[in-house]
**Q** 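Let me begin by handing over the structure; questions about it come next.
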Amino acid sequence: MPPRKRSQADDPGPAKKRATRSGTRSETTSAKSGACVAEAKATEVSKEAEEEAKEAVQGSKNEAQTKSKKQAKQAKRATQAKLGEPTTEHAKDPEDAKPLKQPKLATSATTTQEAPTPGRRFWLMKAEPETRIEKGKDVKFSIDDLASRTEPEGWDGIRNYGARNNLRSMKEGELAFFYHSNCKFPGIVGIMAIVKEASIDTTAFDPKEPYYDPKSDPLNPKWYLVHVKFVEKFNRTVGLHELKKYAGKELADMPLLKQGRLSVSEVPEGCWDFVIGLAKKPAEEI
DNA sequence: GCCAACGTTGGC
DNA sequence: GCCAACGTTGGC
């Protein structure tokens, strides 16, 4: 599905093609015993971590004293890497499993009444629509593939902290652009909806998976996915080249254009609306 | 296939 | 904790 590493390995391992994506590998996929157990365990663990995190927040005073150094460190790193949780936070750090605290409240709704309802945010997620074999499996995933699904699709394979953090702050009901990358005509091709919030991406634990991460540990999961469903395919692709025309203007704040490599990024509401406008433009006006 | 930009790793 | 070397993304 989403883009990833290019190991040239190509070992023609067996592989029920599409295993990765065909999945909807949510907890309902009770078939795979091993992975499932792992997931269950991992879930527990992450719950614990969640509890810890909560406690940490509640007892923030004490915590501030005991952990302030650590936090300072993290903050610094985060700044350095500018992508959120970076480099060293690996397996060791239990904070890694910390789930979605309050994402920064969204722009517009920040000011509105009842605090606990952050505004809806918008996203952009990349996938490769053209065949590419990774560890014997085709990682291709296009908007047409998504459209053909009858069940929510687990957006797995995200192996970048910045992207992951974005995944983890997605809320059910939010919308995302589907972006075709690493292909002839890269660009935004349609819209999907988040139908299930972050859960553990168990493909990280399976050596046969294209996006296996030997450093991830079911007991302290690093990688997450969300489930999405198809909403709409645009009549035309809003190409990257076209988007770039507005990079200094209407789309100045579009992370896609500033940090091209992030496979899951946020789209400011204004940019969202603007892109929709582009997508609906009659051909003559393009 | 090239390569710029950026992320990650590991030595010190 | 810095930073050089290495790896990956993804447009072209």
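Chain A is the first sequence line, chain B the second, and so forth, proteins listed ahead of strands; every chain is numbered from 1. Since this is a predicted model, take the numbers as computed values, not measurements.
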**Q** Is A/Q259 near enough to C/dT9 that one of its side-chain N or O atoms lies under 4.0 angstrom from OP1 or OP2?
**A** no
**Q** Using the ring centroid of each side chain, check whether A/W223 and A/Y161 are separated by less than 6.0 Å.
**A**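 Centroid distance A/W223-A/Y161: below 6.0 Å, so yes.
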**Q** With respect to the side chain of A/K126, which nucleotide from C/dC12, C/dT8, C/dG10 is positioned closest?
**A**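 Between C/dC12, C/dT8, C/dG10, the one nearest the side chain of A/K126 would be C/dG10.
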**Q** Give the rounded distance in Å between these two atoms: CD1 of A/I158 and P of C/dT8.
**A**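 Interatomic distance, CD1 of A/I158 to P of C/dT8: 16 Å.
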**Q** Of the options B/dT9, B/dG7, C/dC12, whose atoms approach the side-chain atoms of A/K215 most closely?
**A** B/dT9
**Q** Rounded off to whole Å, could you give me the CD-to-P distance for the A/E128 and C/dT8 pair?
**A** 14 Å
**Q** Need one value for A/K244: base, sugar-phosphate or nothing, where a base atom within 4.0 Å counts as base even if backbone is also close, heavy atoms only.
**A**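 Answer is sugar-phosphate: A/K244 comes under 4.0 Å of backbone atoms only.
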**Q** Are A/R168 and A/Y224 in a cation-pi contact, defined as NZ or CZ under 6.0 Å from the six-membered ring centre and within 45° of the axis?
**A**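 So A/R168 does make the cation-pi contact.
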**Q** Please report, rounded to the nearest Å, how far the P atom of C/dT9 is from the CZ atom of A/R164.
**A**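 Computing the A/R164:CZ to C/dT9:P distance gives 17 Å.
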**Q** To the nearest Å, give me how far apart NZ (A/K222) and C1' (B/dG7) are.
**A**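 Taking atom C1' of B/dG7 as the reference, NZ of A/K222 is at 13 Å.
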**Q** For a quick check of understanding: with a heavy-atom distance under 4.0 Å over all strands, which category does A/Y179 fall into, base, sugar-phosphate or nothing?
**A**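 Sugar-phosphate: the residue A/Y179, judged by heavy atoms under 4.0 Å, touches backbone atoms but no base.
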**Q** What integer distance in Å separates A/L262:CG from B/dA4:P?
**A**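 In whole Å, B/dA4 P and A/L262 CG are 21 Å from each other.
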**Q** Only one of A/V238, A/L240, A/V189, A/V264 passes side-chain contact (heavy atoms from CB on, under 4.5 Å) with A/Y179; say which it is.
**A** A/L240
**Q** Over how many whole Å does the gap from A/R261 atom CZ to C/dC12 atom P extend?
**A**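 Going from CZ in A/R261 over to P in C/dC12 covers 15 Å.
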**Q** Can you tell me how far P of C/dG11 sits from NE2 of A/H180, to the nearest Å?
**A**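 Rounded to the whole Å, the gap is 12 Å.
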**Q** With heavy-atom distances below 4.5 Å as the criterion, would you say the side chains of A/L256 and A/F177 are in contact?
**A** no
**Q** Between A/N182 (CG) and B/dC2 (P), how many Å, whole number?
**A** 16 Å
